[in-house]
Amino acid sequence: MQPKLKEKRWDKAKEQLLLGLWEKEKLYKFRPGRKIFSIDTPPPYPSGRPWHIGAAAHYSQIDMIARTARMQGFSVYFPIGIDRNGLPVELYTERKYGIHLQDVSREEFIKLCRSSLDDLEAEMLEIMRKMGLSCDFQNYYRTDSDEYRALTQQTFIWLWEKGLIYEDTRPNNYCFDCGTTLADAEVIYEERPTWLVYIKFRVKETGEDILIATTRPELLCACQAVAVNPQDSRYNHLPGKHAVLPLYGREVQIIAHPVAKPEFGSGIVMICSYGDYTDVRLFRELGLPEIIAINPEGKLTHVAGPYAGMRIEEARKQIIKDLEELGLVEKKEKLMHRTPLCERSKTPIEIIPMREWYLKQTDFLEEMRKIAEELEWHPSASKQLLLNWINSVTLDWPVSRRRYYGTEIPIWYCKSCGKPNLPKPGKYWKPWCEDPPFSACQHCGSRAGFEGETRTFDTWMDSSISPLFTSRKDRKLYPITLRPQGKDIVRTWLYYTLLRCWQLTGKSPFKKVWIMGYGVDEHGQKMSKSKGNVIDPIPILEKLGADAFRFWSATEASLGSDFRCSEARIQAASKFLTKLWNVSRFISAFPEKKAQKLEPLDSWILSELDKLIKECMRGYEELNFFVPSNAIRDWVWNIFAPHYLELVKPRAYSEDPSACFTMHYCLRALLELLAPICPFITDYIYRELYGKSVHLELFPKPAKHRTQINTEELIELNSRIWKEKKERGLSLKAEIQEMVLPENLAVIQDDLKAAHNVKSLRLGKELEIKFG
RNA sequence: GGGCCGGUGGUCUAAUGGUAGGACGCUGCCCUUACGAGGCAGAGGUUCCAGGUUCGAGUCCUGGCCGGCCCACCA
């Protein structure tokens, strides 16, 4: 026996060699054809090591989508970009250099961010290349390039002209750490402990004390009303009267309002500007004048009296202490409170009024729901994630940010009338450091000069036009075929892309959406640096190779579910590569032949192969790689290798045409079926044995092979024989003197006789074995 | 409070209403000429609970319980 594949196992070092070949041959170059499959690849954000192992798995699966589409006969447009705008890199840069944005000039800060990004980006591209991603690395784009930012600004100007942009001062989420307004989509919630403090207020008219429970005693100075529930019989007499704020002595009205829940706290609630969005709503509903108690530095304002200038936490502690000393605190309860945090910095946000630019979105919710219904979802259940979010949108999208590393808002304000002037679209504008391309105000005609806008856009303004950017050179690519993404950014990237592209083009930006779950740790816990359960994928990739990693990713969880990450499981998955290699190695010892007529055993395995192909195609159609990867593993390990190959061996050694044909036929099909998931090992074997790249092939089609053999019966028969030999302490090739073979399996009696070393065989009803 | 997803051997995961499979781990045996990073065999399950529909339920329905995520005005 002389196998063409010499080595005893797959060597992952060969992956490098293949990468070189693929690049040299330009194997994955986009060649526009009749059937185009385009992918709105998520531009990864290079936020530094370790790269999340779930993200690495995510990108391997996106690559599987591209490879699947190629093998289905599509021309695949698979771009790749790097997302470089916004807060994460600013925070990274601030940490890296130990500075704060305000400490250096804007030019200097931008330079530092750019250099951080360049390092991180190079590393990230290299990992993606090594994972075998078949995207267009030669033409990768950056979301902070002049061209990309010009497009973001252009789309803003278009939306402005459509009347969808307006400026307003309203209470907004504000992160003191990042120093900017945030959209609801950038706010996350976390249960954090806090004190629920019961404070005594005096009722002016009756002189009685009432108790008010609050988690925000420092906002006492911003209280404009006190509410009780109209159904609450304890407090029926209070509405219409006035409560006197302790410490401040100011009087506020007591109202009846269902917002006060009788069962919570004392049943009486104070309404302040602004403890939460209930307060915002009530201030608007009741027409209360707002009192600004917190300034943009996160400190109490002059209205707080003795607490002015203190930070929020400090003021809270102090006011509780003061109230306690005056005997005005009845009791304190520890409470887990759902605290709103800045998604990036994890700092609690405050609601403070700021003047910002808004993009209308509440007028478009009906259209968004319609698009959600029309999209093809993989898996179908993920549609609900988007609908949930759409149903919770109540305010327009604030798009201006008080940060530096982002796309500039292209506006200049007239120094005379103060009104905004926008440039013509098409160029990348930097109003904070450049003169406007016009000299007279479009509104008042004044030539008094202009003040450039200093703010930048929310980065989702950039990210949400990725389908427009990647299709910019060929409009036929729009709408994009498929958007793949993680379920954690449904409310941001997915929602905003649908919104913006709909507003700009009147079309859905893509036809299909593919949503993957999170990578969690081996106990099902979310990975986080603070828990110390983060797994760095890079050492694992280096140790076990990209194919092992990719195969693990495919087999680990069904599409859309969260998947557990552990090196042990990846290691375990890699065993299959050894198995596949050795099956191929065995077959590689025999010539590929044509067969005039197939032996019954060969027809049987080919009919089993038909079933496997159908099952794999079902998975590939759904873009659920869990299905084909598990089906292939199961088939190879439990049917093909132990039952078919073992029985065909005697004929194989004599180079029987039917056997040689069938083994190679199966192997080719297997390699083709697995190619999207494990592109390295399959291509290596395919090239060695069949002289061409598997990645230029199409998926195999199921034929209609007929067989009389019942697979279960055959497997059971083999197992019985092996078991009997075992129990007698015999070697598996020990001779069987006499065997009665069930008639159903008569057609393969010669194969069985040879494989099990049977001296004399006759047919009967049930299996009987006699040893010498 | 609402929504979505899930609850299957120690762990993880499958199963168009038709005998509950597989992987990892575990135990025992085997240097069998593709594979010891292997092979073979084996132990281990009232499929979360209670009802219902059905000839038949892990699967469908109802109601619980538990977990995860998302959303919502518990200050």
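These values consider heavy atoms only, across backbone and side chains, with no hydrogens, waters or symmetry-generated copies. Throughout, protein chains are lettered first and strands after them, A, B, ... in sequence-line order, and every chain is numbered starting at 1.
One interatomic measurement links the two molecules: CH2 of W389(A) to P of rC4(B), which rounds to 19 Å at whole-angstrom precision. To the nearest angstrom, P of rA34(B) lies 18 Å from CD1 of I681(A). Atom P of nucleotide rU13(B) and atom CD of E556(A) are separated by 8 Å, given to the nearest angstrom. As a whole-Å value, the separation of W722(A) CH2 from rU32(B) P is 16 Å. In this structure, W377(A) atom CH2 and rC5(B) atom P are separated by 14 Å, rounded to whole Å. At whole-Å resolution of the value, CD in Q2(A) and P in rA34(B) are 13 Å apart. Rounded to an integer number of Å, the gap from CD1 of I188(A) to C1' of rC71(B) is 15 Å.
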Please write out each protein N/O paired with an N/O of nucleotides 16-22 of chain B under 3.5 Å, distance rounded to 0.1 Å.
none

If you restrict it to nitrogen or oxygen atoms, what contacts under 3.5 Å exist between nucleotides 28-31 of chain B and the protein, and what is each distance?
residue, atom, partner, partner atom, Å
rC29(B), O2, K726(A), NZ, 3.1

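S558(A) comes within 4.0 angstrom of sugar-phosphate atoms only, judged by non-hydrogen atoms across all strands, and of no base. Within 4.0 Å (heavy atoms only), A557(A) reaches no atom of the nucleic acid at all. L577(A) comes within contact range of no nucleotide atom at all, as no heavy-atom separation falls under 4.0 Å. Counting any heavy atom pair closer than 4.0 Å across all strands shown, R281(A) reaches a base atom. The residue Y189(A) sits apart from the nucleic acid: no heavy atom pair falls under 4.0 Å.
The nucleotide rU54(B) finds no pairing partner, because no Watson-Crick or G-U wobble arrangement with both distances shorter than 3.5 Å includes it. Here rG38(B) sits opposite rC30(B) as a Watson-Crick or G-U wobble pair (both hydrogen-bonding atom distances under 3.5 Å). Under the Watson-Crick or G-U wobble criterion, with both distances below 3.5 Å, rC69(B) is paired with rG3(B). Nucleotide rC24(B) forms a Watson-Crick or G-U wobble pair with rG10(B), both donor-acceptor distances falling under 3.5 Å.
In this structure, N710(A) has no side chain to side chain donor-acceptor pair (under 3.5 Å) partners at least two apart in sequence or on a different chain. Under the ring-ring contact (aromatic ring centres under 6.0 Å, His included) criterion, F201(A) pairs with no residue at all, not counting sequence neighbours. Taking K543(A) as the reference, E567(A) meet the side chain to side chain donor-acceptor pair (under 3.5 Å) condition, with sequence neighbours excluded. Listed by chain and number, the residues in a side chain to side chain donor-acceptor pair (under 3.5 Å) with Y248(A) amount to none (sequence neighbours excluded).
Between R491(A) and A213(A), the residue whose closest nucleotide on RNA chain B is further toward the 5' end is R491(A). Along RNA chain B, the nucleotide nearest to R564(A) and the one nearest to Q384(A) differ in position, and the one closer to the 5' end is contacted by Q384(A).
Listed pair Y653(A) / rA34(B) meets the phosphate criterion, a side-chain N or O lying under 4.0 Å from OP1 or OP2. Between S382(A) and rC4(B), a side-chain N or O to OP1/OP2 separation shorter than 4.0 Å is absent. Note on K579(A): a side-chain N or O is less than 4.0 Å away from OP1 or OP2 of rG39(B). For rC74(B), neither phosphate oxygen OP1 nor OP2 lies less than 4.0 angstrom from any side-chain nitrogen or oxygen of H337(A). Under 4.0 angstrom from either OP1 or OP2 of rU33(B) there lies no side-chain N or O belonging to K649(A).
Using bins of under 30°, 30° to 60° and over 60° for the plane-to-plane angle, the ring pair W581(A)/W10(A) lands in the tilted bin. Aromatic ring orientation, W637(A) versus F576(A): tilted (interplanar angle from 30° to 60°).
Summarising the geometry, atom CD1 belonging to I721(A) is positioned 11.5 Å from atom CG belonging to N757(A); distances are rounded to the nearest 0.5 Å. The CZ atom of R651(A) sits 4.0 Å away from the CG atom of D602(A) when rounded to the nearest 0.5 Å. From I268(A), atom CD1 reaches atom OG1 of T214(A) across 13.0 Å, with rounding to the nearest 0.5 Å.
When each of T662(A), L645(A), L647(A), D610(A) is paired with I605(A), the side-chain contact (heavy atoms from CB on, under 4.5 Å) condition holds for T662(A) and for no other. For the pairing with K723(A), the side-chain contact (heavy atoms from CB on, under 4.5 Å) check across K725(A), R720(A), E727(A) returns one residue only, E727(A).
Other residues, nucleotides and ligands contribute over 12 non-hydrogen atoms within 6.0 Å of the CD atom of E655(A).
Looking at E646(A), its side chain comes within 3.5 Å of the base of rA34(B) through a donor and an acceptor atom.
The side chain of D562(A) lies closest to rG68(B) when the candidates are rG68(B), rG25(B), rA75(B). Taking the side chain of K733(A) as heavy atoms from C-beta on, and the options rC73(B), rU33(B), rA75(B), the nearest nucleotide is rU33(B). Closest to the A572(A) side chain, of the nucleotides rA72(B), rA14(B), rC24(B), is rC24(B). For P642(A), the side-chain atoms get nearest to rC40(B) when compared with the rest of rA34(B), rC40(B), rC69(B). Out of rC73(B), rC35(B), rC24(B), the shortest distance to the side chain of K575(A) is found at rC24(B). Picking from rC69(B), rU13(B), rA34(B) the nucleotide with the shortest atom distance to the side chain of Y518(A) gives rC69(B). Checking rU32(B), rC73(B), rC70(B) against the side-chain heavy atoms of V259(A) singles out rC73(B) as nearest.
rU8(B) and rG22(B) have their C1' atoms separated by 13 Å, with the value rounded to a whole Å. Between the P atoms of rU27(B) and rC35(B), the separation comes to 26 Å (whole Å). One C1' atom belongs to rC12(B), the other to rG45(B), and the distance between them is 15 Å to the nearest Å. Taking atom C1' in both rG67(B) and rC49(B), one finds a spacing of 15 Å when rounded to whole Å. rU32(B) and rG39(B) are spaced 8 Å apart, taking the C1' atom of each and rounding to whole Å. With C1' as the reference atom, rG17(B) and rC61(B) are 13 Å apart, rounded to whole Å.
With contacts defined as side-chain heavy-atom distances shorter than 4.5 Å, the pair T682(A)/I677(A) does not qualify.
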